[in-house]
**Q** 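Pasting a structure here, questions to come.
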Amino acid sequence: MQTVNWSGVRERTIALYARQGSKASTVLPPVLSEAQVRQAEEQFGVVFPDDYRQYLLRVSAGGRVRTLRADQRGWRWDGDQPADRANLHVPFPDHDTALAASEDLWLTEPQEGDYASAAAYQADHDAWRETADGAEDARISGAVPLCDDGCGFYTLLVVSGPMRGAMWFDGRATCDRLNPLLNDDGQPASFGEWYLDWLTREEPLTTPELRRAANDRWHAGTDVPIWLRWFGS
């Protein structure tokens with residue numbers, strides 16, 4: 001992971017939103033203070049990767065990513081679920097091991113035809129479903145769903161475990177896999193690499209025609225941005 005220079009990034013982001021016709025005040029919240037970041041970290045039981053910390057302190061509490069804010073319930077990300085915050089201190093698991101455990105569990109799903117009564121089947125199936133849901137939640141322990149990409153897809157930032165600091169894509173909505181998002185060296189990208197890659201690519205797209213041309217190149221596999229580097233991984 002490369003060292004990121006955050007100087008001027010807030011200003012560049014504000015200028016980008018202005019060119020796109022958005023008011024920065026509505027899409028780019030203020031930065032957080034060091035004390036606020038520490039409060040959030042203490043609540044979650046983690047220390048955020050440095051790139052994300054610097055983003056919160058120097059660029060914004062939100063914008064391209066879900067906004068981190070405090071309310072009467074404590075610190076949370078807009079649109080997240082309590083389960084998204086509960087296990088951030090638990091190390092992000094090895095993907096293949098967690099996937100295999102999940103697949104093994106699905107093979108044990110109770111089948112209604114094996115039961116003498118619907119009530120007995122439903123009771124066992126409800127218990128199995130609770131276990132299966134827990135196993136799925138465990139696959140993203142130690143990771144923050146920073147972006148809701150729609151259609152059940154999420155971009156994750158790993159905050160605990162050996163992969164701490166890496167960006168991953170949750171593609172379980174279609175392929176049941178999670179894949180690391182790769183930088184230009186073919187290594188898992190940091191938050192800073194992922195964000196600046198997005199910003200640098202967005203800045204020249206000043207017309208709908210330029211955006212369509214860029215999307216066509218990216219989906220054809222030419223100069224693919226980091227946020228799309230999970231297909232076929």
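Note that these values count all heavy atoms, side chains included, but never hydrogens, waters or copies made by symmetry.
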**Q** Given side chain to side chain contact (heavy atoms under 4.5 Å, CB included), test Arg172 with Arg177 step by step and report yes or no.
**A** CA-CA 5 Å; Arg172 289 178 294 174; Arg177 289 193 62 84; over 6 Å; no
**Q** What distance do Gln187 atom CD and Asp185 atom CG have between them, rounded to the nearest 0.5 Å?
**A** 7.0 Å
**Q** Got a second to check how far Asp51's CG is from Met167's CE, nearest 0.5 Å?
**A**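 Rounded to the nearest 0.5 Å, the CG-CE separation comes to 10.0 Å.
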**Q** Between Glu42 and Gln39, is there a donor-acceptor pair closer than 3.5 Å when you use the side chain of the first and the backbone of the second?
**A** no
**Q** Specify the closest pair of heavy atoms between Leu68 and Ala40, including all atoms of both residues, with the distance to one decimal.
**A**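 For Leu68 versus Ala40, the nearest heavy atoms are CD2-CB, 4.2 Å.
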**Q** Of all residues at least two apart in sequence or in a different chain, which pass the ring-ring contact (aromatic ring centres under 6.0 Å, His included) check with Trp128?
**A** Trp106, His125
**Q** Start with the C-alpha distance between Phe44 and Val144, add both sets of side-chain angles, then the distance that settles side chain to side chain contact (heavy atoms under 4.5 Å, CB included), and finish with yes or no.
**A** CA-CA 11 Å; Phe44 301 136; Val144 180; over 6 Å; no
**Q** Looking at CG of Leu156 and CZ of Arg139, how far apart are the two atoms once the value is rounded to the nearest 0.5 Å?
**A**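 Output value for this atom pair is 11.0 Å.
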**Q** Answer yes if the ring centres of Phe169 and Trp227 are under 6.0 angstrom apart, and no otherwise.
**A**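 Between Phe169 and Trp227, the centre distance exceeds or equals 6.0 Å.
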**Q** Which hydrophobic side chains are connected to Tyr121, either touching it within the sub-4.5 Å cutoff or through other members that do?
**A**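 Tyr121 clusters with Tyr115.
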**Q** Give me the atom names and distance for the closest heavy-atom approach of Leu196 to Val4.
**A** CD1-CG1, 3.3 Å
**Q** May I ask you to check whether Gln122 and Glu112 show a side-chain donor-acceptor distance below 3.5 Å?
**A**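 No, no side-chain donor-acceptor pair sits under 3.5 Å.
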**Q** For Tyr195 and Thr13, run side-chain hydrogen bond (donor to acceptor under 3.5 Å, both in side chains): C-alpha distance rounded to whole Å, both residues' side-chain angles, the deciding distance at 0.1 Å, then the answer.
**A** CA-CA 10 Å; Tyr195 185 83; Thr13 305; 2.9 Å; yes
**Q** Output yes when a side-chain donor or acceptor of Asp133 lies under 3.5 Å from a complementary backbone atom of Glu130, and no otherwise.
**A** no
**Q** At what distance, to the nearest 0.5 angstrom, does CG of Leu28 lie from CD of Glu11?
**A** 10.0 Å
**Q** Can you check side chain to side chain contact (heavy atoms under 4.5 Å, CB included) on Ile140 and Asp170, steps first, answer last?
**A** CA-CA 9 Å; Ile140 58 169; Asp170 185 349; 4.2 Å; yes
**Q** State, with a plain yes or no, whether a side-chain heavy atom of Leu157 is found less than 4.5 Å away from one of Pro49.
**A** yes
**Q** Answer yes or no: is there a donor N or O on one side and an acceptor on the other, between the side chain of His95 and the main chain of Asn179, under 3.5 Å?
**A**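 Between the backbone of Asn179 and the side chain of His95 there is no qualifying donor-acceptor contact (under 3.5 Å).
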**Q** Return the CH2 to CG distance between Trp77 and Asp84, rounded to the nearest 0.5 Å.
**A**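 Going from CH2 on Trp77 over to CG on Asp84, the span is 9.0 Å.
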**Q** Quick one: closest heavy-atom pair of Trp218 and Pro225, and the distance?
**A** CG-CD, 3.4 Å
**Q** Minimum heavy-atom separation for Phe153 and Ala173, please, with both atom names.
**A** CE2-CB, 3.8 Å
**Q** For Tyr154 together with Trp168, are the ring centres under 6.0 Å from each other?
**A**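 No, they do not, as the ring centres are separated by 6.0 Å or more.
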**Q** Does any N or O in the side chain of Glu202 come within less than 3.5 Å of the main-chain N or O of Thr200, such that one atom is a donor and the other an acceptor?
**A**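 Absent.
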**Q** Keeping the roles fixed (side chain from Asp197, backbone from Ile226), state whether a donor-acceptor pair exists under 3.5 Å.
**A** yes
**Q** Salt bridge check, Arg217 against Asp223: does any charged N sit closer than 4.0 Å to a carboxylate O?
**A** no
**Q** Is there a side chain to side chain contact (heavy atoms under 4.5 Å, CB included) between Trp194 and Val65? Walk through the geometry before answering.
**A** CA-CA 11 Å; Trp194 170 85; Val65 297; 3.7 Å; yes
**Q** Would you check if the side chain of Asp148 reaches a backbone N or O of Gly150 as a donor-acceptor pair within less than 3.5 Å?
**A** yes
**Q** Spell out, as yes or no, whether a donor-acceptor pair under 3.5 Å connects the side chain of Thr67 to the backbone of Asp78.
**A** no
**Q** Is it true that Asp50 and Arg164 make a salt bridge, defined as a side-chain N closer than 4.0 Å to a carboxylate O?
**A**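 Between Arg164 and Asp50 there is no salt bridge, as every charged N stays at least 4.0 Å from the carboxylate O atoms.
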**Q** Taking NZ, NE, NH1 and NH2 as the nitrogens, is one of them in Asp80 or Arg66 under 4.0 Å from a carboxylate oxygen of the other?
**A** no
**Q** Please check if the side chain of Thr97 supplies one atom and the backbone of Pro93 the other of a donor-acceptor pair under 3.5 Å.
**A** no
**Q** Looking only at non-hydrogen atoms, find the nearest pair between Ala135 and Leu105 and report the distance.
**A** CB-CD2, 3.8 Å
**Q** Once you round to the nearest 0.5 Å, how far does CD of Glu193 lie from CG of Leu181?
**A**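 Between atom CD of Glu193 and atom CG of Leu181 there are 11.0 Å.
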**Q** Please list every donor-acceptor pair under 3.5 Å in which a side-chain atom of residues 53-63 meets a protein atom from a residue at least two apart or in another chain.
**A**
{"unit_1": "Arg53", "atom_1": "NE", "unit_2": "Glu41", "atom_2": "OE2", "d": "2.7"}
{"unit_1": "Arg53", "atom_1": "NH1", "unit_2": "Glu34", "atom_2": "OE1", "d": "3.4"}
{"unit_1": "Arg53", "atom_1": "NH2", "unit_2": "Glu34", "atom_2": "OE2", "d": "2.8"}
{"unit_1": "Arg53", "atom_1": "NH2", "unit_2": "Glu41", "atom_2": "OE1", "d": "3.2"}
{"unit_1": "Tyr55", "atom_1": "OH", "unit_2": "Gly62", "atom_2": "O", "d": "2.5"}
{"unit_1": "Ser60", "atom_1": "OG", "unit_2": "Pro29", "atom_2": "O", "d": "2.7"}
{"unit_1": "Ser60", "atom_1": "OG", "unit_2": "Gly62", "atom_2": "N", "d": "2.9"}

**Q** Any side-chain heavy atom of Asn87 within less than 4.5 Å of one from Asp137?
**A** no
**Q** Strictly by modelled atom types, are Asp149 and Thr155 linked by a side-chain donor-acceptor pair under 3.5 Å?
**A** yes
**Q** Minimum heavy-atom separation for Gln111 and Glu109, please, with both atom names.
**A**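 For Gln111 versus Glu109, the nearest heavy atoms are NE2-O, 3.0 Å.
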**Q** Under the 3.5 angstrom rule, does the side chain of Arg12 hit a backbone N or O of Leu199 as a donor-acceptor pair?
**A** no
**Q** So does Asp124 pair up with Arg129, basic N to acidic O under 4.0 Å?
**A** no
**Q** Taking Gly186's backbone N and O only, do any of them form a donor-acceptor pair with Arg229's side chain (distance below 3.5 Å, no angle check)?
**A**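 Answer holds: no.
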